[in-house]
Amino acid sequence: MLLLLLACGGSKPDPIARARAFSDTRPTYEQPLGDGLGGVPGIPDLRAQTCGVCHQEIYEEWRTSVHSVAWIDPQFQEEIKKSGNRWLCLNCHTPLRLQQDVLPVGLEADDVEKPVLVDNPHYDAALRDEGITCAACHVRDGVIHGPGLGGTPPHPVEADPDYRSAALCLRCHQATATYPGKSFTCTFDTGEEWKAGPYDDEGRTCVDCHMPPVTRPAALGGPDRTVARHWWRGAGIPKIAGRYPPPEANPYGLGLEVALEGRELVVTATNANAGHMLPTGDPERKVFVTTAFDGTPAHTEVFGQEWTWEPPTKHGDTRLAPRESRVHRVPVPDGAKAAVVVARSERMSEENRAYHHLDGYPIDVETHRVELPIE
Ligand code: HEC
Ligand code: HEC
Ligand code: HEC
Ligand code: HEC
Ligand code: HEC
């Protein structure tokens with residue numbers, strides 16, 4: 001009996017090997033970024049806090065970033081609860097196998113909502129809570145990959161040009177796929193939007209805008225170098241109180257100009273600063289520009305996408321391409337004394353917040369307010 005059990009135990013294929021074999025048959029956006037198994041020689045574990053002992057400022061910045069809350073984000077937690085395709089989400093929100101409680105090793109009837117899952121014996125729940133943690137972007141097969149600093153790190157490093165380009169970012173921020181018969185879709189098109197605009201040609205990548213340069217030591221006690229802030233500020237709407245990068249991390253995308261021409265208010269909205277569509281990413285994001293006279297709203301211009309979900313279909317897209325300007329004219333009512341134009345950026349609507357039971361979750365931010373007296 002004992003012998004038989006041992007024999008069974010011994011012949012059981014390693015879950016990690018099975019998960020790798022399955023992933024290899026899937027498109028890249030359905031694969032994790034790596035395993036994280038076996039750690040990195042020279043450092044005790046892969047926790048962000050451990051890296052932060054030496055990379056203190058980088059750690060503090062990352063901690064305020066949305067990447068660090070990609071798992072604990074209340075909206076993500078609400079959505080993933082309902083999801084039969086959970087394994088897909090984990091690959092981008094907790095992208096190392098070490099962070100995943102169960103691993104997909106196949107699909108029943110080739111259905112992405114019926115994964116064959118096995119328990120992961122190496123699962124590290126604390127590391128999972130760190131979402132897109134340092135190791136997810138930097139650790140590959142026990143070696144720390146980076147832009148190539150030189151110096152004398154206490155851990156093995158490998159210089160990799162992907163860290164100065166958009167390649168690493170696009171691994172998660174460029175993924176568009178439909179799943180026939182399903183009510184969900186992958187709609188991350190930020191990479192293609194950026195390639196279609198002027199910034200790619202000018203050599204300005206995601207990293208240049210979202211990880212602005214600063215001169216300081218890269219590690220405690222090291223020499224001053226030009227390094228990259230680890231902030232990744234987006235639309236300016238926090239997810240968790242006290243954990244969002246400061247305004248100087250990245251400007252708002254919108255530029256807003258307002259002028260009075262006769263009896264018309266001329267409002268010019270420009271995608272002045274975003275290297276891709278404004279807004280980009282999640283199709284629920286919208287920018288509203290509302291004109292009011294003496295406190296009474298007169299017109300709202302909406303920049304965003306319109307979708308229905310059964311099946312996922314895009315019906316409209318009024319977003320602003322990089323550097324695109326669009327003008328709208330609002331007639332001034334007789335007797336009006338003052339105009340106020342307010343721009344607001346929204347992550348999700350009030351209705352969707354209620355639907356997801358996310359009371360108190362921040363969903364928008366006022367980005368611009370222009371006040372104009374009317375003679
Ligand atoms: C979303 C991916 C991502 C995450 C998460 C991330 N980094 Fe980075 N890191 C990068 C990229 C990209 C660069 C290269 C930026 C450049 O040089 O232009 C970089 C550069 C670095 C460098 C070299 C110095 C510099 O700033 O250029 C160090 C050190 C570093 N990261 C440490 C960390 C630590 C520690 C954490 C976690 C607290 C972390 N990184 C999290 C993507 C990431
Ligand atoms: C005991 C201190 C220490 C710990 C812990 C540590 N590092 Fe480093 N790391 C360094 C030093 C020192 C350098 C070289 C810095 C320099 O010369 O400017 C470095 C360099 C790097 C680089 C740049 C590599 C290159 O040349 O492109 C990255 C990226 C990096 N570390 C990431 C990490 C990550 C991720 C962790 C945690 C998993 C970590 N480090 C843990 C001390 C440490
Ligand atoms: C492993 C997948 C992954 C990689 C690699 C990655 N991201 Fe992200 N990024 C995400 C996810 C997931 C979110 C959203 C998390 C959430 O909202 O819960 C996000 C959010 C963001 C945001 C929005 C922040 C906000 O304020 O809402 C920006 C900006 C961003 N990433 C830029 C980058 C850049 C630049 C790179 C390359 C250096 C990069 N990302 C690499 C997955 C990734
Ligand atoms: C020229 C600078 C610039 C470049 C290049 C750029 N971004 Fe952005 N990005 C911005 C600005 C500014 C915003 C804030 C937009 C806003 O106000 O909503 C933003 C917002 C975002 C957001 C948040 C979602 C949203 O709608 O606000 C994500 C995600 C993002 N960028 C990812 C990327 C990725 C990935 C790349 C590379 C393919 C990239 N960005 C290239 C400037 C840039
Ligand atoms: C291909 C990588 C990828 C996969 C797979 C993925 N996400 Fe994301 N997710 C992202 C990126 C990138 C963002 C940031 C873009 C943005 O915020 O607009 C994001 C943002 C989010 C957000 C925040 C949206 C917002 O408006 O702030 C939620 C919630 C979310 N994802 C849930 C999920 C769920 C649930 C799944 C599985 C059904 C999933 N994601 C699968 C990459 C991915």
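Only this structure's heavy atoms are used, side chains among them; waters, hydrogens and symmetry mates stay out. First listed ligand is number 1; within each ligand, the first listed atom is number 1. The structure displayed is predicted, hence computed values, not measured ones.
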L170 to ligand 4, any heavy atom closer than 4.0 Å:
yes

Are F76 and I240 in one and the same hydrophobic cluster, where Ile, Leu, Val, Met, Phe, Trp and Tyr link if side-chain heavy atoms are under 4.5 Å apart?
yes

Near T205 (heavy-atom distance under 4.0 Å), the atoms of ligand 4 are 5 (C)

shortest atom 42 (C) of ligand 4-to-protein heavy-atom contact is with N273 O, 3.3 Å

Atom 23 (C) of ligand 1 sits nearest the protein heavy atom L149 CD1, 3.7 Å

Row for atom 8 (Fe) of ligand 4: angle NE2 (H276) to NE2 (H210), 10° precision, value 180°

- Taking both backbone and side-chain atoms of H67, is any N or O found less than 3.5 Å from an N or O belonging to ligand 1? no

Checking heavy-atom distances from atom 24 (C) of ligand 4 to each of T367, T280, D282, the winner is T280

query = Any non-hydrogen atom of V207 lying under 4.0 Å from ligand 4?
reply = no

For atom 13 (C) of ligand 5, the closest protein heavy atom turns out to be F188 CE2, 3.6 Å

protein heavy-atom neighbour closest to atom 37 (C) of ligand 4 works out as C206 SG, 1.8 Å

Q | Test item: S23 side-chain N/O and R20 main-chain N/O as donor-acceptor pair under 3.5 Å | A | no

For H173, the atoms of ligand 5 under 4.0 Å from one of its heavy atoms are 12 (C)

Quick note on ligand 4: atoms under 4.0 Å from a heavy atom of L278 include exactly 15 (C), 16 (C), 17 (O), 18 (O)

The atoms of ligand 5 lying under 4.0 Å from a heavy atom of G281, numbered in the order shown, are 18 (O)

Taking only non-hydrogen atoms of Y252 and a 4.0 Å limit, the atoms of ligand 4 in range are 17 (O)

Looking at G234, G203, A274, the heavy atom closest to atom 14 (C) of ligand 4 belongs to G234

For atom 8 (Fe) of ligand 1, the nearest N/O/S atom on H138 is atom NE2

Restricting to heavy atoms, the pick from L88, L90, V69 nearest atom 5 (C) of ligand 5 would be L88

Closest to atom 43 (C) of ligand 4 among protein heavy atoms sits G275 N, 3.3 Å

for atom 1 (C) of ligand 1, nearest protein heavy atom and its distance come out as C137 SG, 2.7 Å

Note: M211, heavy atoms under 4.0 Å from ligand 1, region reported as side chain

Are more than 12 heavy atoms, taken from residues, nucleotides or ligands other than E284, located less than 6.0 Å from that residue's CD atom?
yes

Heavy-atom proximity to atom 27 (O) of ligand 5 ranks first, among E346, M348, K239, Q31, for K239

Exercise. Are any N, O or S atoms from H230 nearer to atom 8 (Fe) of ligand 1 than 2.8 Å?
Worked result: yes

Looking at V227, L168, I58, the heavy atom closest to atom 22 (C) of ligand 1 belongs to I58

heavy-atom search around atom 32 (C) of ligand 5 in the protein gives F76 CD1, 3.3 Å

Taking atom types as modelled, find out whether T300 and T290 have a side-chain donor-acceptor pair closer than 3.5 angstrom.
yes

Checking heavy atoms under 4.0 Å, the part of R229 that sits near ligand 1 is neither

Numbered in order shown, the ligand 4 atoms found under 4.0 Å of a heavy atom of P279 are 26 (O)

Near C172 (heavy-atom distance under 4.0 Å), the atoms of ligand 5 are 1 (C), 2 (C), 12 (C)

Per-atom filter on ligand 4: closer than 4.0 angstrom to a heavy atom of T190 are 32 (C), 33 (C), 34 (C), 35 (C)

Between R285 and F303, is NZ or CZ placed under 6.0 angstrom from the six-membered ring centre and within 45° of the ring axis?
-> no

the protein heavy atom lying closest to atom 12 (C) of ligand 4 turns out to be P251 O, 3.2 Å

Q. Hey, are D111 and Y179 close enough side-chain-wise for a donor-acceptor pair under 3.5 Å?
A. no

Here the atoms of ligand 5 under 4.0 Å from any heavy atom belonging to E79 are 29 (C), 32 (C), 35 (C)

Within 4.0 Å of some non-hydrogen atom of W232, the atoms of ligand 1 are 1 (C), 2 (C), 3 (C), 4 (C), 5 (C), 6 (C), 43 (C)

Next on the checklist: If you measure every N or O of Y29 against every N or O of ligand 5, does any of those distances drop under 3.5 Å?
Outcome noted: no

Next on the checklist: With a sphere of 6.0 Å drawn around NZ of K314, does it hold more than 12 non-hydrogen atoms of other residues, nucleotides or ligands?
Outcome noted: yes

for atom 16 (C) of ligand 1, nearest protein heavy atom and its distance come out as R164 NH1, 3.0 Å

The answer for which part of P147 has a heavy atom under 4.0 Å from ligand 1 is side chain

Practice item. Can you establish whether the number of heavy atoms outside E264 located under 6.0 Å from its atom CD is more than 12? Key: yes

Query raised in the report: Is ligand 5 less than 4.0 angstrom away from at least one heavy atom of R347?
Result: yes

A student comparing Q174, H356, H93 should find that the heavy atom closest to atom 31 (N) of ligand 5 comes from H93

* To do: Count the heavy atoms belonging to other residues, nucleotides or ligands that lie under 6.0 Å from CZ of R326, then report whether that count exceeds 12.
  => yes

heavy-atom search around atom 38 (C) of ligand 5 in the protein gives C89 SG, 2.7 Å

(request) Could you give me the CA-CA distance, side-chain angles and deciding distance for L103 and F22, then say whether side-chain contact (heavy atoms from CB on, under 4.5 Å) is met? (result) CA-CA 10 Å; L103 302 171; F22 168 69; over 6 Å; no

min-distance protein heavy atom vs atom 26 (O) of ligand 1 -> A228 N, 2.9 Å

Tightest non-hydrogen contact, residues R63 and R243, listed as O-NE, 3.0 Å

So, 4.0 Å and heavy atoms of T133: is ligand 1 close enough to count as a contact? yes

Under 3.5 Å, is there a donor-acceptor pair between the side chain of R97 and the main chain of L37?
-> no

In this structure, atom 2 (C) of ligand 4 is nearest to the protein heavy atom C209 SG, 2.0 Å

Counting from 1 in the order shown, the ligand 1 atoms closer than 4.0 Å to a non-hydrogen atom of I132 are 5 (C)

Honestly, for A235 the part within reach of ligand 4 (heavy atoms, under 4.0 Å) is both

re atom 17 (O) of ligand 4, the protein heavy-atom contact at minimum distance is G253 N, 2.7 Å

### Single-linkage hydrophobic cluster L127~V40, side-chain heavy atoms < 4.5 angstrom
yes

In ligand 5, the atoms that come under 4.0 Å of a heavy atom of A175 are 1 (C)

The answer for which part of C51 has a heavy atom under 4.0 Å from ligand 1 is side chain

One finds that the ligand 5 atoms under 4.0 Å from a non-hydrogen atom of C92 are 1 (C), 2 (C), 3 (C), 4 (C), 5 (C), 42 (C), 43 (C)

Of all protein heavy atoms, the one nearest atom 11 (C) of ligand 4 is N250 ND2, 3.2 Å

